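Comments concern the structure below.
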2 protein chains.
Amino acid sequence: MAYGNALVALADPTRRRVFERLKSGPQSVSRLARGLPVSRPAVSQHLKALKEAGLVADRAEGTRRVYSIDPEGLGALRKWLDQFWDQALAAFQEEIEREAKHGKDRK
Amino acid sequence: MAYGNALVALADPTRRRVFERLKSGPQSVSRLARGLPVSRPAVSQHLKALKEAGLVADRAEGTRRVYSIDPEGLGALRKWLDQFWDQALAAFQEEIEREAKHGKDRK
DNA sequence: CATTTCCGTAAGCCATAGCTTACCGTAAGC
DNA sequence: GCTTACGGTAAGCTATGGCTTACGGAAATG
């Protein structure tokens, strides 16, 4: 149920913005905060949540912390989504066949 | 930004349980509520949220409403995730090459 | 050392999300 | 027509999540 944490983490708009900023490459905290409508501590808190969800990783670099995307969490989410998609589609097909078989006429 | 609504909708655990119950096929509201630790009105509210996010569809069937999974919302989410995945991976590769090029020695 | 930059954490505030109970409309069954 | 199943909505409560300001610690800089 790792995907659950990822979903919760990505549900918040500003947290998602933080995350999406990392798409272009690793960033320091203050760099990430620049341009966002919230304070730097807020960004720190978001990064903590993202990290606990396995969506980002961080490394120390002198006095600053550089955050980057961690494929782990994103992968788990993708896996869940794909499975779900397949199963849902299968059930959908099955439903159609069932309707086709025993009379669909009796509205 | 349709995927945003889907993320918010799927972030809540019980709402996700409602949604996952539909994987096995269309269900009525009271049937969905049976077995869940919340009241039927709560399930109704969750279904409303899921519907607004494009994740489920509903049709009337006599006095009951049958809900089913709507591929729309799930598809949008999948699309976003896949794009994100590709871009993140590309940036990751780029980062490695950059490190390899100009000296990585000066830790 | 003193100072400055960078960042995480604590405390506290406020809006909102999720739940319950209560109520009302609508379609079927007798 | 009554009654009964079904389900959407309103009102209200409470917990929690995200934000801010304030603080403290650690590494670079002089």
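Please read these numbers as outputs of a predicted model, since none were measured by experiment. Residue numbers begin at 1 in each chain, while the letters A, B, ... track the order of the sequences.
- Rounded to whole Å, the distance from CZ on B:R59 to P on D:dC6 is 17 Å.
- A:L36 places its CG atom 11 Å from the P atom of D:dT20, with the value rounded to the nearest Å.
- Atom NE2 in A:H46 sits roughly 15 Å away from atom P in C:dT9 (whole-Å rounding).
- Atom P of nucleotide D:dG18 and atom CZ of A:R16 are separated by 12 Å, given to the nearest angstrom.
- A donor-acceptor pair shorter than 3.5 Å can be found between the side chains of B:D12 and B:T14.
- The base of D:dG7 has none of its N or O atoms less than 3.5 Å from a complementary donor or acceptor on the side chain of B:R65.
- You'll find a donor-acceptor pair under 3.5 Å spanning the side chain of B:R40 and the base of D:dG8, going by distance alone.
- Atom pair B:Y67:OH and D:dC6:C1' shows a separation of 12 Å (rounding to whole Å applied).
- Side-chain atoms of B:L32 and B:L47, non-hydrogen and from C-beta on, do get closer than 4.5 Å to each other.
- Ranked by how close their nearest DNA chain D nucleotide is to the 5' end, A:G62 and A:V38 are led by A:V38.
- D:dC13: Watson-Crick or G-U partner is C:dG18, with both key distances under 3.5 Å.
- Set against C:dC19, C:dT21, C:dT9, the side chain of B:P41 has C:dT21 as its closest nucleotide.
- Between A:R64 and A:V29 the shortest side-chain heavy-atom distance does not fall below 4.5 Å.
- Among D:dA22, D:dG8, C:dT5, the nucleotide with an atom closest to any side-chain atom of A:T63 is C:dT5.
- Between the NZ atom of B:K51 and the C1' atom of D:dG7 there is a distance of 13 Å, given to the nearest Å.
- Across all strands shown, the partner of D:dT3 is C:dA28, judged by Watson-Crick or G-U wobble contacts whose two distances both fall under 3.5 Å.
- Between the CD atom of B:Q27 and the P atom of D:dG7 there is a distance of 11 Å, given to the nearest Å.
- Here the side chains of A:F84 and A:K79 are not in contact, with every heavy-atom distance at 4.5 Å or above.
- If you check D:dG18, C:dG18, D:dT20 against the side chain of B:R15, the one that comes closest is C:dG18.
- Of the candidate nucleotides D:dG18, C:dT21, D:dT20, C:dT21 has the atom nearest to the side chain of B:S39.
- The side chain of A:R64 lies closest to C:dC6 when the candidates are C:dT9, D:dC6, C:dC6.
- Both A:E61 and A:T14 lie near DNA chain D, and the one whose nearest nucleotide falls closer to the 5' end is A:T14.
- The separation between A:Q45 atom CD and D:dT16 atom P is 17 Å, rounded to whole Å.
- Salt-bridge formation is detected for the pair A:R78/B:D82: a Lys NZ or Arg NE/NH1/NH2 atom is positioned less than 4.0 Å from an Asp or Glu carboxylate oxygen.
- For B:S44, taking side-chain heavy atoms from C-beta onward, the closest of the listed nucleotides D:dC19, C:dG18, D:dG7 is D:dG7.
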